K.L.:
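Here it is, the structure in full.
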2 protein chains.
Amino acid sequence: MGIADRKAREKEDLRNLILKSAKKLFVEKGVEQTTIRSIAESIDYSVGTVYLYFKDKNAILYALHSQGFSQLSGDFKVLYNVSDPLERLKALCKVYIQFAGDNPDMYDLMFNLKAPMEFLDAINEGEWNEGKGAFDVLHTTVKQCISEGHFTGHKSEPLAFMVWSLVHGMCSLEISKRCIGVNIKNPETIVSEGFAEFAKLITRL
Amino acid sequence: MGIADRKAREKEDLRNLILKSAKKLFVEKGVEQTTIRSIAESIDYSVGTVYLYFKDKNAILYALHSQGFSQLSGDFKVLYNVSDPLERLKALCKVYIQFAGDNPDMYDLMFNLKAPMEFLDAINEGEWNEGKGAFDVLHTTVKQCISEGHFTGHKSEPLAFMVWSLVHGMCSLEISKRCIGVNIKNPETIVSEGFAEFAKLITRL
DNA sequence: TTGATAAATGAACAATGTTCATTTATTTTG
DNA sequence: CAAAATAAATGAACATTGTTCATTTATCAA
């Protein structure tokens with residue numbers, strides 16, 4: 001059916017238009033300041049139409065949340081070129097940090113906002129495939145580091161979690177501007193400096 | 001003036017009552033679900049009265065934010081008993097993690113919520129003494145580790161930031177339940193296991 | 001007792017997320 | 001092609017929020 005196809009395509013298009021506009025407004029004005037009305041208005045549709053495509057505001061947040069993880073996964077693809085596991089581990093952290101720095105609002109949405117996860121709870125049984133995929137890349141890399149003789153006596157999963165926590169913590173603190181409040185000398189470069197210390201630290205192991 | 005004193009005390013009392021009740025509701029129902037009306041109702045005062053004692057909702061959040069840092073600083077006091085800097089550094093992390101685990105909602109309010117920081121921006125020039133104090137304890141400890149021969153070739157401030165990021169990241173990921181979504185085998189123990197890996201790692205340096 | 005000051009009230013407002021009866025557009029049917 | 005059926009879109013209406021402020025009530029000083 002060509003007509004059904006076209007209608008499906010049109011529905012998909014409008015759905016994407018809503019998401020695109022919502023993301024733009026989120027980045028510009030923040031999640032809380034972005035109203036369904038403003039989203040609707042920005043694409044010249046009525047409020048009700050938005051609710052025809054998304055159950056509620058959290059559903060929009062979750063959809064963007066998913067898009068964010070797709071993008072991050074895409075960014076991770078450059079890691080295929082790095083054969084040495086330890087170098088790949090460090091490169092992975094850098095890609096992660098770069099992503100957070102380039103898309104702070106998106107990062108916040110993905111990791112700090114609770115709304116998308118609540119939506120996830122409500123829908124299925126907490127299955128969060130995007131996040132799982134990203135963590136697996138890290139975990140696998142750590143395992144490869146270990147099997148190449150690094151991190152002797154360490155367990156892969158807690159170690160991977162530790163690395164994730166480290167980079168996530170740096171990005172979160174930077175994004176929420178807690179570094180500035182705490183009077184760090186160079187808030188602009190503290191993340192890369194902090195990570196450099198970590199890289200130095202693990203290179204010897 | 002005894003009367004003026006009593007009145008000042010009464011004002012202080014009511015202010016604290018509002019805070020106490022607000023904190024209780026925040027912990028029970030979450031920050032967003034707690035309305036000014038519900039706070040007022042729970043202490044049998046009218047909505048307007050709450051606004052007599054706090055400029056707006058963010059002011060309440062910031063007051064609790066400050067209380068949280070006071071509590072954390074208090075918890076840090078046990079560290080005076082630990083003379084070895086490296087042991088003290090590890091103990092500091094443990095106290096931090098313990099605090100976050102015991103008061104997840106408070107921790108979230110202190111480190112993830114943007115509202116209190118926005119309030120801070122609005123009032124004075126981003127001076128955030130409570131946070132500064134807590135970071136200084138960490139920074140000083142790291143410096144002492146270095147002067148005792150640990151972490152050779154590392155810079156104290158970025159290293160302190162790295163440690164802070166690590167524990168903050170672990171606590172944040174745990175509190176926001178991202179660990180569960182990502183299919184970590186034992187989400188209940190991953191924080192202590194992750195930290196154990198870190199402790200093992202720095203003990204050799 | 002009375003007037004002034006401070007404290008407390010709650011109705012009212014604007015903004016928000018959300019719903020749903022109604023209208024409009026599109027497709028299918030006779 | 002007209003009419004019925006289906007799908008899509010609308011926006012007025014509702015409940016709930018943070019916030020304000022004219023009014024009332026309580027407290028104190030003269």
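Chain identifiers are assigned alphabetically (A, B, ...) following the order of the sequence lines, protein sequences preceding nucleic acid strands; residue numbering begins at 1 within each chain. Everything numeric here is computed off the predicted structure, so don't read it as measured data. Side chains are part of it too, since the values below use all heavy atoms of this structure and drop only hydrogens, waters and symmetry mates.
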K.L.:
Could you tell me the separation between the OH atom of Tyr51(B) and the C1' atom of dT19(D), rounded to a whole number of Å?
P.N.:
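Roughly 5 Å, once rounded to whole Å.
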
K.L.:
Any base atoms under 4.0 Å from Thr49(A), or only sugar-phosphate, or nothing? Heavy atoms, all strands.
P.N.:
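Base: the residue Thr49(A), judged by heavy atoms under 4.0 Å, touches a nucleobase.
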
K.L.:
In whole angstroms, how far is the C1' atom of dT19(C) from the CG atom of Leu52(A)?
P.N.:
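After rounding, the gap between these two atoms is 12 Å.
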
K.L.:
Please state how far atom CG in Asp44(B) lies from atom C1' in dG10(C), giving the value in whole angstrom units.
P.N.:
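Rounded to the whole Å, the gap is 15 Å.
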
K.L.:
What contact category does Phe54(B) fall into here, base, sugar-phosphate, or nothing, at under 4.0 angstrom with non-hydrogen atoms?
P.N.:
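Here Phe54(B) touches no strand at all.
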
K.L.:
Given the side-chain rings of Phe76(B) and Phe69(B), with only the six-membered ring counted for Trp, is the space between their centroids under 6.0 Å?
P.N.:
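No: the rings miss the under 6.0 Å criterion.
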
K.L.:
Could you tell me the separation between the CG atom of Leu61(B) and the C1' atom of dG18(D), rounded to a whole number of Å?
P.N.:
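That distance rounds to 12 Å.
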
K.L.:
5'-most contact on DNA chain D: Lys57(B) or Gly48(B), nearest heavy atom basis?
P.N.:
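Closest to the 5' end, via its nearest nucleotide, is Lys57(B).
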
K.L.:
Send over the distance from Tyr45(A) OH to dA8(D) P, rounded to a whole Å.
P.N.:
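From Tyr45(A) OH to dA8(D) P: 12 Å.
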
K.L.:
Measure from CD on Gln33(A) to C1' on dT17(D) and round the result to the nearest Å.
P.N.:
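Going from Gln33(A) (CD) to dT17(D) (C1'), I get 13 Å.
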
K.L.:
For Lys11(A) and dT26(C), what is the distance between atoms NZ and C1' respectively, to the nearest whole Å?
P.N.:
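About 14 Å, once rounded to whole Å.
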
K.L.:
In terms of side-chain heavy atoms of Ser46(A), which of dA7(C), dT16(C), dG11(D) is nearest?
P.N.:
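So the nucleotide nearest the side chain must be dG11(D).
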
K.L.:
Are Glu28(A) and Lys24(A) close enough for a salt bridge, meaning some N to O gap below 4.0 Å?
P.N.:
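Answer for the salt bridge query: yes.
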
K.L.:
Would you tell me whether Lys57(B) and Thr34(B) have side-chain atoms, one donor and one acceptor, within less than 3.5 Å of each other?
P.N.:
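Note: Lys57(B) and Thr34(B) side chains miss the donor-acceptor criterion.
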
K.L.:
Closest nucleotide of DNA chain C for Leu14(B) versus for Ile36(A): which of these residues is on the 5' side?
P.N.:
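So the residue in question is Leu14(B).
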
K.L.:
With a 4.5 Å heavy-atom cut-off, do Lys143(A) and Phe151(A) have their side chains touching?
P.N.:
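They are not in side-chain contact.
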
K.L.:
Expressed in angstrom and rounded to an integer, what is the separation of Lys55(B) atom NZ from dT20(D) atom C1'?
P.N.:
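Computing the Lys55(B):NZ to dT20(D):C1' distance gives 13 Å.
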
K.L.:
Scan side-chain atoms only and decide if Gln98(A) and Asp102(A) contain a donor-acceptor pair under the 3.5 Å cut-off.
P.N.:
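Yes, a side-chain donor-acceptor pair sits under 3.5 Å.
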
K.L.:
Looking for any heavy atom pair under 4.0 Å, which part of the strands does Ser38(B) touch: base, sugar-phosphate only, or nothing?
P.N.:
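It contacts nothing in the nucleic acid.
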
